[in-house]
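Below: one structure, written as structure tokens.
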Amino acid sequence: MAVTTAQLVDWIERYAAVIAEQKQYLTGLDAAIGDGDHGINMDRGFQQVLIKIAPVKDKDAGTLLKTTGMALVGSVGGAGGPLYGTFFIRAGTALDGKAEVADADLVAALEAGLKGVVERGKANLKDKTMVDVLTPALEQARARLKEGASIADALSAATDAAEAGMKATIPLKALKGRASYLGDRSIGHQDPGATSSYYLLRTLREALADPPQGASTSTSYVGREQQPTS
Amino acid sequence: MAVTTAQLVDWIERYAAVIAEQKQYLTGLDAAIGDGDHGINMDRGFQQVLIKIAPVKDKDAGTLLKTTGMALVGSVGGAGGPLYGTFFIRAGTALDGKAEVADADLVAALEAGLKGVVERGKANLKDKTMVDVLTPALEQARARLKEGASIADALSAATDAAEAGMKATIPLKALKGRASYLGDRSIGHQDPGATSSYYLLRTLREALADPPQGASTSTSYVGREQQPTS
Amino acid sequence: MAEATVTTRLKKLINTPESEVKDALAGMALAHADLIRVEYDPNVIIRKDAPKKGKVGLVSGGGSGHEPMHGGYVGRGMLDAACPGAVFTSPTPDQMARATKAVDGGAGVLHVVKNYTGDIMNFEMAAELARGEGSQVNAVITNDDVAVQDSLYTAGRRGVGVTVLLEKIVGGAAEAGYDLQKATELAKKVNANGRSMGMALTSCIVPAAGKVTFEIADDEMELGIGIHGEPGRERTKLKPADEIAEILTSTVVKDLPFKRGDEVLAFVNGMGGTPLIELYVVYNAVHQYLTKEGIKVSRSLVGSYITSLEMAGTSVTLLKLDAETTKFWDAPVHTPALRWGV
Amino acid sequence: MAEATVTTRLKKLINTPESEVKDALAGMALAHADLIRVEYDPNVIIRKDAPKKGKVGLVSGGGSGHEPMHGGYVGRGMLDAACPGAVFTSPTPDQMARATKAVDGGAGVLHVVKNYTGDIMNFEMAAELARGEGSQVNAVITNDDVAVQDSLYTAGRRGVGVTVLLEKIVGGAAEAGYDLQKATELAKKVNANGRSMGMALTSCIVPAAGKVTFEIADDEMELGIGIHGEPGRERTKLKPADEIAEILTSTVVKDLPFKRGDEVLAFVNGMGGTPLIELYVVYNAVHQYLTKEGIKVSRSLVGSYITSLEMAGTSVTLLKLDAETTKFWDAPVHTPALRWGV
Ligand SMILES: Nc1ncnc2c1ncn2[C@@H]1O[C@H](COP(=O)(O)OP(=O)(O)O)[C@@H](O)[C@H]1O
Ligand SMILES: Nc1ncnc2c1ncn2[C@@H]1O[C@H](COP(=O)(O)OP(=O)(O)O)[C@@H](O)[C@H]1O
Ligand SMILES: [Mg+2]
Ligand SMILES: [Mg+2]
Ligand SMILES: [Mg+2]
Ligand SMILES: [Mg+2]
């Protein structure tokens, strides 16, 4: 099976919708151990992304993702802008010219994106960042595909790993980013960037689900997560 | 009968004690229609007065009151400083050199003090100031003495008139002082300077009561007045 | 008990309410030893090289809590001395008398007095004392606050933002050799050509009182405030900055009135707790409003120059300029809070 | 519903959270048309006469909400351009790339970057872009905040108060003709010789968030804060100003360490919502502490120069001076927020 640009557009639109919906929640997480802007920044960025990708929805997957990344770099700012921007630009570069993307190529592209994040931010595992979500998630996706699973099933497993990785940031002491200034006081809080990265996997799973899941403006997550943890 | 310097010292000490006790209350009245410092200013001033009159307690009544006034002018500031300062300086000037003061001379001295207040502040009756208390109070005192009452009885009537004058400031719109900046919003609040002037009469009545009333640190008024009206 | 509660509400960088003014004066003396000297009991901030022989002395004063006014304006080209009272309480006559004596270089001294009953009475008593000691003293009273109705039968308008502009302009003129008479006339002209209005988002805490002067809801503001943390003429619903700026500016413009073709100095002031970013938002709206009305902004000042402790809010002051006032506004000034040309 | 509640807590002089930065930039452009020009999308504040041929360009930037930093420091003898991000959010690479291009007079451009992950990454991307367009670009990173533990394995220390001093000193040197290499070295020296620590009495409200970043009781304070309204290293009971000043100053002194006989610039900064009178109370204690330790204060700066919106609090920065840094600190500067000698 292969992934289409339209499915990736669906992913990005779903993600933008979730970010808009969870804006306050993400911002609340960031207020506890950062500067209280992560949701605001990501939402500003993905509103820009929705505008900027409109003319390239018919183009190849590489163009779509690079356009997404450029829009993020030019509008998010903070740590999130270069990190998510680099993630999408690198992933897009890996898919240059491809209108249909083989399952393994998609995962490889996301891995290239993660590599870009690590090069930019130099975070190690357990530094309490988005890397703690993306790394185990993509490892799961790669492993499941190798075992012969469908991309839908592989992303399902990846999303579970992402969720686990996100929750595992709670007891960690932050060593990178703004939260590290808090030292021990960062312990006990879930990392905002890890949380937004978990949404990234979850919306990708939804977009590629077989059969596809409801509309991209799904609000099924609202209940639990809208309450900031602190 | 004649009034001694010691009795006037008692008056000032009683007054200083009441001001200290009602500091927050007076300040609260001033916060509602002024700048929230009348109690603080008067208390700072009378603490200075207590220090400054220590060496002149044996002197004549004029010296005592002029010393009180000078201490106020040099430490209260605001409107209260020049007004109460002038009041005591003028009253003291009228009693220059007198160790014993005839009842009528005392009332005349207080009238001279009031005249000084009016010259300094140019307030008319019903402008919602201390003048609305001092004027009717001293009229009563003068009238009663003329009818042959004792100074104690005259001051009793004066204090009642002072209390009525104080309460009568509530419905007035302020036309002088800081409260006038509030326009109609000054209506419905009791004037702080009128209130401190009422205490001035009341403590004088106590100091000259026949037989004299308890200690000068009496706290009998605390209950009702410590609650600001707004 | 009551005292303890009070203390915990005092979220201030002070030691005790009683020591605040002196501690701050000591800090100013250390930070600006090149410009000023400070005397205590009575408290006066004096220009380092005062008295300047043959120069008119400019003395101002008022309650503390309005910093940088007035101590921050002592120095070359502005004030010769400032008298800081207790917080929000006008200083006492002995302070002003001492200041007058210290800066009298033989050409007389001009007192700049904001129109508050207390300030006026204390300065009057001080002038009597100083004249008794042989100084020639004039006084000018600022009363630029359009939020207050003026009348012969009331205390009249408060002195607010124009005071700062007047101290700069008349300070420049005194430095340039104006005599007492001319300096007094210039001061009156500046006051006559300036108007102000202010608003607040929050009140403030007088340290000795230990609690906010007034309570205000999250969606309300006070219009027509002064500079003592007191409530204003009117409480209304909070509005966007552009609307607030228009209310303040249009009221000020109509009052003088400022007319099409006039050149003005536009001064957007912060009340102490308002961040600079917001003052620029307000300035933008003020400037655009004036431009739309055909009033030319030829000079501007944006910042917290006449404050009410940590009150959040802003005031707008307009001063109609002419060649004389423009010249002395532009003249060199070197004080802790205003400096240019030197 | 939730939105409505949020809005009412926004006691700010703004129009909308989204428009705040642009409205303020428009206000700055109007108020300081003689010094700066403002470009939008990408947002950049540029020195009016940039590029200066043959002069090293100095570019800084960071989130908005720290005013007057950095836009207020654009002008002669300081920055050539500043890039304002969203409130408390580092700007984006396109802003810095545009700024770099606009001020490159052929002698290269120095980026002044505060050590925050976001700022560093965005400036890195901008430098890549600018070099691609043919500019020579160096960067210096400020990391003076002693409240944060430094380590190779963490994000390291934040850049705070020293940034302002560095921009002034290196700006003076660039104006005097330093080349890119020498300017970069001087910048590194300033950063190496400066240390800061801050504290807060209150948090602040990021407009887009609409509520305070942290809640804090009336009798508590945060020690070791940065400049983003974030909580600090430690929450403790509120203390008198003298004690707070001693905690901050002694921690700063021990860190470098500053030693008996050193000459320093002492900078007491307000976080935005703290009135000037309190800053002088703090300065008094800081100066006295230093004097007691035998450290000579030869220059000082007191005021709100690097802020966190309306946060109440203060920070203390000490910079060890030598002949070179003193000379360029004293050099003429003419910007919206700092001006002397001209
Ligand atoms: N060096 C880094 N590497 C990877 N992710 C990081 C790094 N630094 C921060 N992050 C992520 O960025 C998130 C914060 O993003 P955001 O709030 O948008 O930026 P800022 O910290 O500049 O305000 C953190 O929660 C963390 O997951
Ligand atoms: N012109 C005046 N004549 C008489 N009394 C006045 C006048 N102006 C003000 N007062 C009195 O002074 C009181 C306020 O005093 P205070 O709070 O100490 O001074 P300030 O108004 O300067 O803060 C008022 O309540 C009023 O009674
Ligand atoms: Mg953040
Ligand atoms: Mg008062
Ligand atoms: Mg007062
Ligand atoms: Mg941020």
Side-chain angles (χ1 to χ4, degrees), chain A residues 23-24 26-28 30-45 47-48 70-83 85-86 89 117 119-124 127-129 173-186 189 193 226-228 230, chain D residues 2-3 6 17-18 41-42 62-63 65 83 85-95 116-125 129 145 147-149 151 153-158 203-215 224-235 308:
Chain A
K23 178 174 158 176
Q24 295 298 335
L26 289 170
T27 296
D30 195 30
I33 55 170
D35 57 350
D37 62 2
H38 187 60
I40 300 161
N41 294 348
M42 291 293 283
D43 185 47
R44 183 176 56 243
Q47 294 310 313
Q48 269 298 309
M70 287 304 294
L72 293 175
V73 167
S75 65
V76 176
L83 292 170
T86 299
I89 291 172
V117 168
E119 277 172 23
R120 228 348 116 219
K122 302 184 185 60
N124 301 304
D127 280 358
K128 194 174 183 129
T129 72
K173 172 168 156 179
L175 295 178
K176 282 286 174 338
R178 227 173 254 296
S180 71
Y181 303 139
L182 280 178
D184 286 340
R185 286 178 83 184
S186 65
H189 298 275
Q226 266 192 348
Q227 303 304 321
S230 79
Chain D
E3 285 295 271
V6 159
E18 293 71 33
D41 297 316
C83 308
V87 170
F88 290 172
T89 300
S90 76
T92 55
D94 49 335
Q95 293 175 263
Y116 300 93
T117 307
D119 292 64
I120 299 225
M121 292 191 297
N122 283 286
F123 264 104
E124 268 173 17
M125 293 179 88
L129 287 171
D145 188 351
V148 175
Q149 264 156 17
S151 143
Y153 307 102
T154 66
R157 291 178 154 176
R158 295 177 286 224
S203 182
C204 58
I205 299 179
V206 174
K211 56 181 188 215
V212 287
T213 303
F214 61 82
E215 303 279 352
I225 54 148
I227 53 168
H228 297 86
E230 70 271 57
R233 285 295 279 206
E234 196 191 340
R235 179 166 294 194
S308 290

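Proteins come first, then strands; the chains are lettered A, B, ... in the order of their sequence lines, and each starts at number 1. All values below come from the heavy atoms of this structure, side chains included, with hydrogens, waters and symmetry mates left out. Source: prediction; values computed, not measured.
- Of the atoms belonging to A:L182, heavy atoms from both backbone and side chain fall under 4.5 Å from chain D.
- A donor-acceptor pair is defined here as one N or O able to donate and one able to accept, closer than 3.5 Å; no such pair exists between the side chain of A:Q47 and the backbone of A:R44.
- The minimum heavy-atom distance linking D:Y116 with D:I227 is given by the pair OH-CG1, 3.5 Å.
- A donor-acceptor pair under 3.5 Å links the side-chain atoms of A:K128 to the main chain of A:H189, judged by distance alone.
- Residue with the most contacts toward chain A among D:P93, D:G224, D:G229, D:G85: D:P93 (heavy-atom pairs, distance under 4.5 Å).
- Qualifying side chain to side chain donor-acceptor pair (under 3.5 Å) partners for D:S90, counting only residues two or more places apart in sequence or in other chains: D:N122.
- With sequence neighbours excluded, the residues satisfying salt bridge (charged side-chain N to carboxylate O under 4.0 Å, His left out) with A:D43 are A:K23.
- Contact of D:P91 with chain A is made through the backbone alone, with heavy-atom distances under 4.5 Å.
- Among the candidates A:G34, A:A79, A:G80, A:P82, the residue making the largest number of heavy-atom pairs closer than 4.5 Å to chain D is A:P82.
- Residue contact with chain D, scored on non-hydrogen atoms closer than 4.5 Å, involves the side chain of A:R185 exclusively.
- Ranked by non-hydrogen atom pairs under 4.5 Å with chain D, the options A:A123, A:G74, A:G121, A:G39 are led by A:G74.
- D:E124 and A:R120 are joined by a salt bridge, as a carboxylate oxygen and a charged side-chain nitrogen come within less than 4.0 angstrom of each other.
- When heavy atoms are compared at a cutoff of 4.5 Å, A:S75 approaches chain D solely by way of its backbone atoms N, CA, C and O.
- Of the listed residues D:R157, D:E234, D:M125, the one with more heavy-atom pairs under 4.5 angstrom with chain A than any other is D:M125.
- Proximity to chain D (any heavy atom under 4.5 Å) is restricted, for A:T27, to the side chain, taken from C-beta onward.
- The most heavy-atom pairs under 4.5 Å with chain A, out of D:R235, D:Q95, D:H228, come from D:H228.
- Note that the CD1 atom of A:I89 and the CG atom of A:L72 stand 8.0 Å from one another [nearest 0.5 Å].
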